Amino acid sequence: MDQDIGGAIVALRKHGFDSLPPLGIVLGSGLGPLADEAAGAVAVAYVELPGFPVPSVEGHAGRLVVGAIEGRRVALFQGRGHYYERGDPNAMRVAIDTFQSLGGKSLLLTNAAGGLRTEWRPPSLVAITDHINFSGTNPLIGHAGADRFVPLTRAYDPSLIETLHRAARASNVELHEGVYMWFCGPSFETPAEIRAARTLGADLVGMSTVPEVILARRAGLRVAAVSVVTNYAAGLEGGDPSHDETQEYARLAADRFKRLLRAFIREAP
Ligand code: HPA
């Protein structure tokens, strides 16, 4: 079931890319505009890259933008594919494998999430330290070969988490730490599911990122992830999340989040 990255590589070559920078960032809700701030940027629409996801979610542009931020070339994935769009946990496989194959080494994933800690007022920022995948699915199901047995003990690279905290201090941004639990969506969780998630040890809930982490670790990339808490999770502190609320709070956090990312780009190995 290996999805072929050959078509995407040929298409990128036509756009002048024989390689990609070592640092990639997947820009989640509200963060897309960071790509417009990249200097000397070249953008390629996902529709031109065979196997890349064509996002159907408002606010997700669907472009790979390569340009300089803080004087450093980065690959910005402006928009992502989600499992809930087509029921495909491999929505980001070709994008991730292509990045790795053309020189990518580290991938920073960003997302919007519901918060399970009452002390995290939306829109707080949280570095993900670990995840819970009780969704019943996994992008590596059906994948043949011993490399399907991907260790996830330190999936979120401890030294990149340290870099995130350094970046937070340098940019004067408060950054918490927490465990992210993946819910496949697209409906939001019930209050009972959120109570269960809390009991299981989750601090955040969201509909993305986890399949990407698994795919990226299989590809041998170093991974870090940051959530913007756009809302209290369902039933918590009156939490009653909606798409509009998540979009609005993601936008409210955008400037602070961008400051953190710029500092991370400066500090990253
Ligand atoms: N649940 C799941 N995904 C989310 C949430 C939430 O409360 N907020 C933003 N993305």
Side-chain angles (χ1 to χ4, degrees), residues 25-34 53 55-61 77-89 91-92 108-137 139 156 175-214 225-254 256-258 260-261:
I25 306 180
V26 176
L27 300 172
S29 301
L31 277 178
L34 180 64
S56 63
V57 186
E58 188 199 329
H60 289 256
F77 295 84
Q78 197 179 30
R80 56 156 51 93
H82 300 83
Y83 174 72
Y84 60 73
E85 292 173 74
R86 291 173 189 84
D88 178 12
M92 290 294 283
L108 175 64
L109 305 162
T110 64
N111 63 43
L116 275 68
R117 287 184 171 270
T118 51
E119 68 269 28
W120 294 347
R121 255 177 82 90
S124 293
L125 297 176
V126 185
I128 299 177
T129 54
D130 204 346
H131 75 225
I132 299 172
N133 175 16
F134 279 7
S135 69
T137 194
Y156 300 82
L175 183 66
H176 308 284
E177 280 194 351
V179 172
Y180 178 98
M181 185 162 181
W182 182 38
F183 281 82
C184 70
S187 53
F188 285 98
E189 301 74 28
T190 63
E193 287 166 345
I194 293 303
R195 287 194 298 276
R198 190 77 199 111
T199 302
L200 290 170
D203 303 301
L204 302 157
V205 290
M207 305 179 195
S208 68
T209 302
V210 164
E212 295 157 33
V213 169
I214 295 168
V226 180
S227 293
V228 52
V229 175
T230 53
N231 55 279
Y232 291 112
L236 188 88
E237 298 278 305
D240 180 16
S242 68
H243 186 59
D244 287 346
E245 181 186 30
T246 62
Q247 298 288 101
E248 183 192 335
Y249 276 81
R251 262 195 306 274
L252 284 177
R256 200 158 30 98
F257 210 155
K258 284 197 284 191
L260 175 69
L261 293 188

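Whatever order the structure lists ligands and atoms in, that order sets their numbers, starting from 1. Counting from 1, the numbers follow the sequence of the chain as shown. Only a predicted model underlies this, so the values are computations on that prediction, with no experimental measurement involved.
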(request) Please write down residue, atom name and distance for the protein heavy atom closest to atom 7 (O) of ligand 1. (result) N231 ND2, 2.9 Å
(request) List the closest protein heavy-atom neighbour of atom 2 (C) of ligand 1: residue, atom name, distance to the nearest 0.1 Å. (result) E189 OE2, 3.1 Å
(request) Hey, could you give me the OH/CG distance between Y249 and N231, rounded to the nearest 0.5 Å? (result) 9.5 Å
(message) Counting non-hydrogen protein atoms only, what is the nearest one to atom 9 (C) of ligand 1? Give residue, atom name and distance.
(response) T230 OG1, 3.3 Å
(message) What protein heavy atom lies closest to atom 5 (C) of ligand 1? Include the residue and the distance to one decimal.
(response) G114 N, 3.3 Å
(request) If you have a sec, work out which protein heavy atom is nearest atom 3 (N) of ligand 1 and how many Å separate them, to one decimal? (result) G206 CA, 3.4 Å
(request) May I ask whether F188 places a heavy atom under 4.0 Å from ligand 1? (result) yes
(request) Please answer whether the main-chain N or O of P53 pairs with a side-chain N or O of R80 as donor and acceptor at a distance below 3.5 Å. (result) no
(message) Checking contacts here: is it the side chain or the backbone of A234 that comes within 4.0 Å of ligand 1, counting heavy atoms only? Could be both or neither.
(response) neither
(request) Taking the side chain as every heavy atom from C-beta outward, state whether L109 and Y180 have any pair of such atoms under 4.5 Å apart. (result) no
(message) Looking only at protein heavy atoms, which one is nearest to atom 10 (N) of ligand 1, and what is the separation?
(response) A112 O, 3.4 Å
(request) Give the numbers and elements of all ligand 1 atoms closer than 4.0 Å to a heavy atom of T246. (result) 8 (N), 9 (C)
(request) Just jot down the ligand 1 atoms closer than 4.0 angstrom to any heavy atom of A113, in number order. (result) 5 (C), 8 (N), 9 (C), 10 (N)
